[in-house]
Amino acid sequence: MSQAREDRRPGGALRAADVSRSFEGVHAVQGVSLTLHRHEVIGLIGPNGAGKSTLVNLLTGFDLPSSGTVELDGRDVTRWSASRRGRHGLARTFQHSHAFRSLTVRENVEVAALGVGASPATARRRADELLDLVALADHADAPAGALAHGVERRLGVARALATEPTFVLMDEPAAGLPEAEVPEFAAVVRSVRDDHGAGVLLIDHNMALIMDVCERIHVLDHGRTLAEGTPTEIRANLDVSAAYLGESAVHEGLS
Ligand SMILES: Nc1ncnc2c1ncn2[C@@H]1O[C@H](COP(=O)(O)OP(=O)(O)OP(=O)(O)O)[C@@H](O)[C@H]1O
Ligand SMILES: [Mg+2]
């Protein structure tokens, strides 16, 4: 077991404290604080351009905040690289494809496992288990580049889980999934929490999915925290409803 893994404390948390990020005058994230504990699923929602992906980038080290700090299990990791955070239990999926297109689906997952020190045999076993979990076993030998967009996102989930994360941040993993497959995906998210004890942050525009699997929901609008609370509280929050009135994609489940 690596030093990094031994360092992981049970019951830890991933925390953003008053983080901001601006892009040439665009305040993408403004003074947002958010805590994700292990053994929980939280939702991060908001209209297009609200700052959700930017916040995930700041939490995972793919971008640096203009101000504020990020803590992982009590340590200030604000300046840590994404790969270093990855070795300390942080994983993410991407809104846009990051798969190695010419590798097979299975190889993509194996590479992720190898990247955190798994042996080739373990990487292979883990890849097959995870492809089963995300219902991609039938595609294991296909090149990742051949996958349809929605299917490719499930590969992103398998790749994130292959690192055996303590925290996994999923950026619209269910986008493009046929409605009939959403409950199956919700079961995957619950399994990551219940069977692996991880903390999950889930971004999605499908409010029915968010309301179904999340214990707490954090709402962003124009880079700021608009509301946070339980699904029941968020549903009742008129400000949230108002922020969404123009967003047909998110109406479902909120009304
Ligand atoms: N690298 C960048 N350079 C310039 N502006 C950016 C950059 N990344 C994000 N932005 C801007 O920051 C704001 C927040 O974008 P972000 O992608 O975080 O939103 P989002 O909530 O993830 O939206 P969506 O639901 O469409 O994925 C937007 O105005 C976006 O145009
Ligand atoms: Mg986004």
Side-chain angles (χ1 to χ4, degrees), residues 14-34 36 41-70 78-79 81-82 85 90-99 148-157 159-160 167-177 179 182 185 189 200-211 213-214 216-229 234 237 239-254:
L14 173 66
R15 201 183 308 275
D18 201 18
V19 292
S20 299
R21 176 68 164 113
S22 298
F23 300 102
E24 293 170 3
V26 176
H27 299 299
V29 170
Q30 300 185 69
V32 172
S33 297
L34 170 154
L36 172 64
V41 180
I42 69 171
L44 179 62
I45 63 172
N48 294 119
K52 305 179 297 295
S53 296
T54 302
L55 183 58
V56 165
N57 288 341
L58 300 177
L59 284 165
T60 51
F62 285 81
D63 193 11
L64 292 175
S66 319
S67 61
T69 54
V70 178
T78 314
R79 302 280 143 188
S81 67
R85 292 183 213 196
L90 196 49
R92 68 168 301 175
T93 73
F94 292 89
Q95 190 169 358
H96 304 290
S97 174
H98 270 64
H149 197 47
V151 182
E152 198 277 331
R153 289 185 196 225
R154 276 185 282 154
L155 172 58
V157 172
R159 291 180 69 205
F167 298 101
V168 54
L169 284 55
M170 302 186 184
D171 197 347
E172 300 197 23
L177 264 191
E179 202 55 42
V182 171
F185 182 74
V189 173
V200 181
L201 181 146
L202 178 64
I203 298 179
D204 214 277
H205 289 285
N206 182 331
M207 289 304 298
L209 170 66
I210 291 285
M211 294 284 171
V213 297
C214 298
R216 291 186 295 125
I217 297 172
H218 193 108
V219 189
L220 289 182
D221 189 29
H222 291 101
R224 292 186 182 279
T225 298
L226 184 66
E228 19 180 353
I234 294 299
N237 187 317
D239 287 345
V240 174
S241 307
Y244 277 125
L245 280 178
E247 295 256 325
S248 56
V250 292
H251 271 160
E252 262 175 66
L254 196 64

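Both counts, for ligands and for their atoms, begin at 1 and track the order of listing.
At least one N, O or S atom of Ser53, from either the backbone or the side chain, sits less than 2.8 Å from the Mg ion (ligand 2). Thr54 lies apart from the Mg ion (ligand 2) in this respect, since none of its N, O or S atoms is found at a distance under 2.8 Å.
The closest approach between a heavy atom of His205 and any atom of ligand 1 is below 4.0 Å.
Between His149 atom NE2 and Leu177 atom CG the span is 11.0 Å, to the nearest 0.5 Å. Of the inter-residue distances, the one linking Thr60 atom OG1 with Arg85 atom CZ reads 7.0 Å to the nearest 0.5 angstrom. In this structure, CG in Leu14 is found 8.0 Å from CG in Leu34, a value given to the nearest 0.5 Å. Note that the CG atom of Leu36 and the CG atom of Leu169 stand 6.5 Å from one another [nearest 0.5 Å]. The line from CD1 of Ile42 to CD1 of Ile210 is 10.0 Å long, rounded to the nearest 0.5 Å.
Annotation for ligand 1: atoms under 4.0 Å from non-hydrogen atoms of Asn48 are 23 (O), 24 (P), 25 (O), 26 (O). Short contacts between ligand 1 and Glu172, defined as distances under 4.0 Å to a heavy atom of the residue, involve ligand atoms 25 (O), 27 (O).
Within the set Gln95, His222, Lys52, the minimum heavy-atom distance to atom 21 (O) of ligand 1 is found for Lys52. The closest non-hydrogen atom to atom 28 (C) of ligand 1, taken over Gly46, Gly223, Ala50, Gly49, comes from Gly49.
When hydrogens are left out, the protein atom nearest atom 17 (O) of ligand 1 is Ser53 CB, 3.9 Å; that is the closest non-hydrogen contact. For atom 9 (C) of ligand 1, the nearest protein heavy atom (residue, atom name, distance) is Phe23 CE1, 3.5 Å. Protein heavy atom in closest approach to atom 18 (O) of ligand 1: Thr54 OG1, 2.6 Å. Scanning the protein heavy atoms around atom 12 (O) of ligand 1, the nearest turns out to be Ala28 CB, 3.2 Å.
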Quiz item: Which is it for Arg92 and Asn57 under the side-chain contact (heavy atoms from CB on, under 4.5 Å) test, yes or no, and what are the steps along the way?
Solution: CA-CA 9 Å; Arg92 68 168 301 175; Asn57 288 341; 2.7 Å; yes
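Counting only heavy atoms, the protein never gets under 4.0 Å from atom 31 (O) of ligand 1.
The two residues Ile203 and Ser53 make their nearest non-hydrogen contact at CD1-N, 4.3 Å. Taking all atoms of both residues into account, the shortest heavy-atom contact from Gln30 to Arg224 is OE1-NH2, 3.0 Å.
Only side-chain heavy atoms of Val26 come within less than 4.0 Å of ligand 1; its backbone N, CA, C and O stay farther off.
When only modelled atom types and interatomic distance are considered, His218 and Thr225 share a side-chain donor-acceptor pair under 3.5 Å.
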